[in-house]
Amino acid sequence: MEFSGYKKNDIVTVNIEDIGNDGEGIGRADGYTLFIKDAVIGDKVKAQITKCGKNYGYARVEKVVTPSPFRVSPKCAFHRQCGGCQIQAMQYERQLVWKENKVRENLMRIGGFAAERINAVMEHIAGMEEPWHYRNKAQFPIGYDRDGNLIAGFYAGRTHDIIANTDCLLGPAENREILEAVLSYMKENRVSAYRETTGEGLVRHVLIRSGFFSGEIMVCLVINGKRLPAEDKLVETLTKLQFSERRIVSISVSVNTEKTNVIMGKKIRLLWGNEYMEDSLKVMNLSGHGETEAAQTEERIIFRISPLSFYQVNPRQTEKLYCLALEYAQLTGKETVCDLYCGIGTISLFMAKRAGKVYGVEIVPQAIEDARENARRNQITNAEFYVGKAEEVLPELFERKGIRPDVIVVDPPRKGCDEKCLETMIAMQPERIVYVSCDPATLARDLKILCGGGYEIRRVRAVDQFGHTCHIETIVALSRIK
Ligand code: SAH
C-alpha cells in the first residue's frame, strides 16, 4: 500500500534536518519522513527508498548532492561498518549542539514543558576537551574472518559479524597491544575462538578496563568453558607487556557457556594479580559552593572496580558530572541524602563528603559490597548502603525507618524510574531532587510526574560522556515549590 505517494526504489532528494536515535539522518520528501543512514545534518542527499511505511520510510544515500558544512572526514576507517560511533562523520561541536537540542525537544514533547521555561533553566552542554581515547572500558569480541583467521574487533552495526580492528580510537592506545598479545597466545597454544552460530569454540570476548588516574589495567577473558589451555602462558604473555604510564594488575577469566548476547558470565576466576582494580575521581568545585580546603588541595575518592561492576566509562566527564551533582544538591554539611541506583557508591561517596548522612540503594548485591568497601577505603563513615530495588527500599526507608531526606539523587538505567519510586520521592518531600539520566525520553517522562507532584525544574545540563555516539547524559536539579 502507498500512503505517502512514494514506493520502494523511488529516488528522492532531501535535506537532512535531524538525526534519529541510532544516528541515521532524518529528512522530509513532501512532508514524508525518511530515515537515511550515513547522512549528516545539513547534507542535501539523493537517496533511494528502501522501505515505505505509513508514516515514515527508510532510504539509502545514493549521492551526497551538497555536503553539510558540519561533515568531517572520520578518523576511524571502520566508522561506517562499526556499530559504535554512529555520528563520527559530524563535527564534534555540532554533535554537542544536537545533543543539547535533543534534551530540549524531549522536555517539551514528552515532558510537556514550555519552551520559555526550558530556555530559562537550560545550561550549555559540557563537552569533552578531547573527544578521543576517552573510554576506560572496552569489550572486544574474538572470532574469525571469512578466511578463518583469528581476529579481535567490533560487531558491525546491527549484526554480530566481527570487524577486525584492535585500534579503536575511543579507547586507550594500550588496548591494541593487549589484544594482539591475547591473539598471539591463542595462536601459539591453539586456543579456539567462540562461534556464535554453532556455540562451539572457547574465547568469546576480552574485557579491558583502565584506571585513567591510577594507571591500573584489568584484563578479563570471557570463555565458553571452565578453563583455558596453558593459562600460565596467557599470564606470561600479558605480564611481559610494558607501557609507559600504565600496567596490568589483574588477569582473570569469566565463564559464560550460555547462548546469549550478554557478554560477561556471572563468575570471575582470577588467574593473576588482584581481584579488583582501583581508580579515583577528583572532587572538584565547579563554582563557588563550599569553598573549603578542597578548593586548594586536590581531593580524590578511590574506587575499587571488579570486572562485573558498573563504573562510568568516561572518567574525565564523570568528574564533571558528579561535581555538578554535588553543586545541584547544594549541600552545607548537615543534609540527609538518598542516592538511588547508586552502583558502587560513586555519587553517594561524593555526596557524603559534603552531607550529614547518605543512604545509597542499588539492586546488585556485589555493587553494594563494593560500595561499602569503597566507603571504608576512603574513611567515609556517614554513608549506609542497601541492596534492593529503589522502588521497594525507598518506601521502607520512609515508612519504617522514618527517614526524611533533604536531597534525593537518582541515576537510573535507560528505562528511568519506576512510578512507585517517583511517588515515594514526592511523598518524602525532599527540598531538592537531582536527576542524572542516560535517556532524555524517560527523563522527560519522569520529570513530568515529579513536577506534577510539587517540584519545579531549576537547572538542566547535558554532559557529554559518549562523544561520536548518540548517547546523551543529562543532569537536572529540581526544587520543591513552597
Ligand atoms: N550512580 C552509579 C550507577 C548508575 S547506573 C554511577 O554513576 O556509577 C544505574 C544503576 O542502577 C546500576 O548499577 C543498576 O544495577 C542499578 N539498578 C537498576 N535497576 C534498579 C532498581 N530498580 N533499583 C535500584 N537499582 C537499580
Side-chain angles (χ1 to χ4, degrees), residues 126 135-137 209 211-212 262-264 266 276-283 301-326 328-329 337-353 355 358-375 378 380 383-398 407-425 433-439 442-443 446 463-466 471-476:
R135 277 189 72 104
N136 61 10
K137 172 185 163 182
R209 264 184 158 162
F212 279 26
V262 177
I263 295 178
M264 301 298 291
K266 294 194 178 70
Y276 303 94
M277 57 167 281
E278 283 192 343
D279 200 21
S280 65
L281 293 170
K282 186 163 69 181
V283 185
I301 301 179
I302 299 168
F303 297 100
R304 82 171 193 187
I305 305 151
S306 69
L308 296 179
S309 42
F310 176 91
Y311 185 65
Q312 296 277 357
V313 297
N314 185 334
R316 293 187 197 100
Q317 293 297 100
T318 298
E319 285 178 345
K320 289 187 196 167
L321 179 71
Y322 290 174
C323 291
L324 272 176
L326 209 45
Y328 284 11
V337 179
C338 287
D339 176 25
L340 310 179
Y341 313 88
C342 71
I344 59 170
T346 35
I347 297 177
S348 320
L349 298 184
F350 264 66
M351 297 284 159
K353 290 268 182 187
V358 177
Y359 299 91
V361 181
E362 158 67 44
I363 197 169
V364 176
Q366 176 67 41
I368 286 295
E369 262 177 53
D370 286 355
R372 289 180 184 139
E373 179 55 32
N374 287 331
N378 292 281
I380 291 171
E384 236 173 73
F385 295 96
Y386 293 87
V387 180
K389 291 184 179 169
E391 57 272 25
E392 289 170 7
V393 176
L394 194 65
E396 277 180 33
L397 292 179
F398 180 41
V407 179
I408 296 181
V409 183
V410 296
D411 182 8
R414 274 188 222 162
K415 67 172 195 245
C417 295
D418 188 275
E419 251 188 78
K420 175 78 186 154
C421 179
L422 294 168
E423 280 167 21
T424 313
M425 286 165 67
I433 295 173
V434 179
Y435 196 131
V436 180
S437 155
C438 55
D439 185 330
T442 56
L443 169 71
D446 291 352
V463 179
D464 191 28
Q465 301 270 27
F466 315 103
H471 296 291
I472 306 174
E473 188 87 9
T474 315
I475 178 163
V476 177

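All figures in this text were calculated on a predicted structure; none of them were measured in a lab. Remember, it's 1-based here, ligands and their atoms both numbered in the order they're listed.
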- To which protein heavy atom is atom 15 (O) of ligand 1 closest, and what is the distance rounded to 0.1 Å? Glu362 OE2, 2.6 Å
- Task: Could you verify whether a donor N or O on one side chain and an acceptor N or O on the other, from Tyr386 and Glu384, lie under 3.5 Å apart?
- Result: yes
- List every atom of ligand 1 that sits less than 4.0 Å from any heavy atom of Gly388, numbering the atoms from 1 in the order shown and giving each element. 23 (N), 24 (C)
- Item | Side-chain touch Gln366/Lys266, heavy atoms, less than 4.5 angstrom | no
- Message: Only heavy atoms of Val364, strictly under 4.0 Å: list the atoms of ligand 1 that pass.
- Response: 15 (O)
- Item | atom 11 (O) of ligand 1: nearest protein contact (heavy atom, Å) | Tyr341 CB, 3.4 Å
- In this structure, atom 7 (O) of ligand 1 is nearest to the protein heavy atom Tyr322 OH, 2.5 Å
- Task: State, with a plain yes or no, whether a side-chain heavy atom of Tyr341 is found less than 4.5 Å away from one of Cys421.
- Result: yes
- Message: Check this for me - ligand 1, Lys389, N or O atoms closer than 3.5 angstrom, yes or no?
- Response: no
- Item | Proximity winner for atom 1 (N) of ligand 1, if only heavy atoms of Asp411, Leu321, Ile344, Val410 are counted | Asp411
- Message: Which heavy atom of Ser348 sits nearest to which heavy atom of Cys342, and what is that distance?
- Response: OG-CB, 3.5 Å
- Query: Taking atom CZ of Arg316 as the centre, does the number of heavy atoms from other residues, nucleotides or ligands within less than 6.0 Å exceed 12?
  - Reply: no
- Near Glu391, which atoms of ligand 1 are under 4.0 Å from a heavy atom of that residue? 22 (N)
- Compute the shortest N/O to N/O distance between Ala390 and ligand 1 and return yes if it is under 3.5 Å, no if not. yes
- For ligand 1, is there an atom lying under 4.0 Å from some heavy atom of Cys342? yes
- Query: Is Glu396 atom CD crowded by more than 12 heavy atoms from other residues, nucleotides or ligands, each under 6.0 Å away?
  - Reply: yes
- Among protein heavy atoms, which sits nearest to atom 18 (C) of ligand 1, and what does the distance come to when rounded to 0.1 Å? Pro413 CG, 3.6 Å
- pair Val313-Phe466: side-chain heavy atoms closer than 4.5 Å: yes
- Hey, looking at atom 17 (N) of ligand 1, which of Ile363, Asp339, Val387, Leu340 has the closest heavy atom? Ile363
- Query: For ligand 1, which atoms, with element, lie under 4.0 Å from some heavy atom of Phe310?
  - Reply: 3 (C), 4 (C), 5 (S), 6 (C), 8 (O)
- Note on the structure: Closest to atom 8 (O) of ligand 1 among protein heavy atoms sits Thr346 OG1, 2.9 Å
- Message: Would Lys415 count as being in polar contact with ligand 1, using the rule that some N or O on each side must be under 3.5 angstrom apart?
- Response: no
- Task: For the residue pair Thr318 and Thr346, establish whether any side-chain heavy-atom pair is separated by less than 4.5 Å.
- Result: no
- Message: I want to check something: taking the side chain as every heavy atom from C-beta on, are Asp370 and Ile305 in contact at a cut-off of under 4.5 Å?
- Response: no
- Are any non-hydrogen side-chain atoms of Met277 and Asn136 less than 4.5 angstrom apart? no
